[in-house]
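Comments concern the structure below.
Bear in mind that the values here come from a model prediction, so they are computed numbers and not experimental data. Chain identifiers are assigned alphabetically (A, B, ...) following the order of the sequence lines, protein sequences preceding nucleic acid strands; residue numbering begins at 1 within each chain.
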There are 2 protein chains.
Amino acid sequence: MRHSPTLKKIAERLSVSISTVSRALKNHPDISPETGRKVKELAELLEYDPNPYAVNLRTHSSKEFAVVVPSLSNFFYHSFISSIEEEARNYGYSVIIYRSSNDPKIEQEILKSCRHKRVSGIFIAITSETNDIESFLKMDVHGIPVIFFDKVPQYESCNKICVGDEHAAFLAAKEIIKKDIPNVLGIFGDRNMSITKARLEKFKAVLQQDGQSINLKTVHARSSAEAEQITLSLLPEWIGKKFAVFCMSDEILAGSMKAIQRKGLSAPVDLGVIAISDGMIPLLFYPEITYAETSGSKLGTLAFKRMMRCIAGSSFAQTIIDESKLVAGGSI
Amino acid sequence: MRHSPTLKKIAERLSVSISTVSRALKNHPDISPETGRKVKELAELLEYDPNPYAVNLRTHSSKEFAVVVPSLSNFFYHSFISSIEEEARNYGYSVIIYRSSNDPKIEQEILKSCRHKRVSGIFIAITSETNDIESFLKMDVHGIPVIFFDKVPQYESCNKICVGDEHAAFLAAKEIIKKDIPNVLGIFGDRNMSITKARLEKFKAVLQQDGQSINLKTVHARSSAEAEQITLSLLPEWIGKKFAVFCMSDEILAGSMKAIQRKGLSAPVDLGVIAISDGMIPLLFYPEITYAETSGSKLGTLAFKRMMRCIAGSSFAQTIIDESKLVAGGSI
DNA sequence: AATGTTTCCGCAAACGTTTGCGGACAGAAG
DNA sequence: CTTCTGTCCGCAAACGTTTGCGGAAACATT
């Protein structure tokens, strides 16, 4: 159980005071170049690194961000986290990742832990059952900025970074119109989710406005399995017609694709397939599925910029919405 | 920027000393029941929580574990982390997740950060390019136990928890023999990875021993895309024969399935498909792919148990290998 | 009454940093 | 020779805990 080098040890070996060492290490103007050099050399040699606990105790600032997500098995969050990490590294911050398991109670515990640790900031995708927005707002009182992303609360006066649900739905609908497909089966998620509403409404609106003659049927599924069942039961009535299936999310897409394979159909000849996706699942099939991308990494850089603003003192809340882009596979 | 309650504040309001409060809060026998009650009541009221930085500075112990993985977009790691978290919670530990991005340099930085934070223990799946095992062993000097899992170093004298590569390969091979399939295309990963060697050798051995008449061809792919290419180029010569494709991992499976779909083939009629997998990808297809499961959650509980032993003082290194189980889809 | 034993509590040091303040010394200006 | 302005550095307090030690009071024993 060896001991890490401390300011004290360096000071003793150099016969200077602790404060001198401390200052030398951060290039304080009070320190002569000569002393500065010597200190930094020894520190390098000894592999000195400040004890973060002591620093925090003293300064009340931990150079670390927390990212809180409901689940890790999600390509979108993964790419979001990646970009946050990369940016953070450049600014000398580290990031720790928390997983709420979509449980508001665990989410609260994590929040408490963040408070005690005095993290410099929190990026959070809230639980689908989170309704106590109160505790998040309280973080501000403690001087900890909170940036919501992806799954954000309804409450207006907070910082939110969201994917452009409307825009993604718009792109998908436009693509369908462009391909001149007369019949569309739209499979959406849980009716209660705001994300579902946004995507559904826009999708419907575009199709009705720009493609008047298009026949659209929409259904809702709350899970991958349910999406599979629904698709399976609906598919027979469409076979033979020229039609496309639109899947609102990766989860839905996974289920629907299973049904489509099961029926022995294959895109783009028997039907068209198009989705809104984070970009992982569509690549697993041949042809790859055409999708409107909700980019986690782009959202990440946007969120990070906003965070840095908050830390710099900008207190006014803002909602940023990221645009989507269409990635053409060969499925439609 | 409000202030958290401290021992001092409680002490002042109760006109006792700080030490009395500290001891009362942890039921020290020196404290009278009367005083203890009062202190605990006020602490509850004020929502007191010890400042973890001060505690650590004093005691040199943080009740938190670190889990380090190359990537988060991996169902196996995901389930591993879940089970570690669940166990940890029961013991009053929290866990922080680090992501090395499969970069040994970042891995080193993470390790350093863990050292400074004096985490109570580290669970790590090393980078595929990690060869400097030295720094991991040094953690022991600092009193931080390290448990390797999944991707483990060759070095013997350390704690390793691995999936049963041999056993999984064995199960897959046995299944092929049982189904009486005469021709097998085995697609494996990078030749240099120990995991590849273990799976390849066992797979080959079982097939040769128990299924003498089986014709086995093995190839190697270093990525999903490469697996797709190889499969694509090889498939024509097998069509018509009764054969099966064995994929060593999820990554390979993803690539191969794309090629198979591209050729318009479908399991189990045109060919058989079987894999070693963490259980996510196989469920995306219809029929679901039959696979030998490498269970992250089981590995997690095993790793955690080992960790608790280490913390309790057991210093002797041990390698634990988890057995696999066959999950039948309908692909073979 | 003197001594021993409990019970309960406070003092103070320590963990490793940061930082305001003041002091020693040098050279410059008068 | 005094005074002044820098330059460079050290003292000491503070952050919030934990814990060994010692001490006061109360009570029990000779």
Inspect the contact between [Y] and [X] and indicate whether a charged nitrogen and a carboxylate oxygen are less than 4.0 angstrom apart.
X: E47(A); Y: R115(B); value: no
X: K40(A); Y: E44(A); value: no
X: D30(B); Y: R23(B); value: no

Sugar-phosphate only, base, or nothing, as touched by T59(B) at under 4.0 Å among non-hydrogen atoms: sugar-phosphate

Provide, to the nearest angstrom, the distance between the [atom1] atom belonging to [X] and the [atom2] atom belonging to [N].
X: K63(B); N: dT17(D); atom1: NZ; atom2: C1'; value: 16 Å
X: N56(B); N: dT17(C); atom1: CG; atom2: C1'; value: 14 Å
X: K9(B); N: dG16(D); atom1: NZ; atom2: C1'; value: 11 Å
X: E12(A); N: dT17(C); atom1: CD; atom2: C1'; value: 15 Å
X: H116(A); N: dC15(D); atom1: NE2; atom2: P; value: 18 Å
X: L25(A); N: dG16(C); atom1: CG; atom2: P; value: 16 Å
X: L7(B); N: dC15(D); atom1: CG; atom2: C1'; value: 13 Å
X: H60(A); N: dA14(D); atom1: NE2; atom2: P; value: 13 Å

Using distance only, find each side-chain donor-acceptor pair of residues 75-82 of chain B under 3.5 Å and give its atom names and separation, not counting sequence neighbours.
from, atom 1, to, atom 2, distance (Å)
Y77(B), OH, D150(B), OD2, 2.9
S79(B), OG, F75(B), O, 3.3
S79(B), OG, F76(B), O, 3.0
S82(B), OG, R99(A), NH2, 2.8
S82(B), OG, H78(B), O, 2.9

Sequence-aligned protein contact record of nucleotides 5-10 of chain D, with B where the base is within under 4.0 Å of a protein heavy atom and S where only the sugar-phosphate is: ---BBB

Interatomic spacing from CD in E86(B) to OG in S101(A) - rounded to 0.5 Å: 8.5 Å

Phosphate-side-chain proximity, Y53(A) and dA14(C), N/O vs OP1/OP2 below 4.0 Å: no

Pairwise side-chain contact, F149(B) with V69(B), heavy-atom cut-off 4.5 Å (strictly under): yes

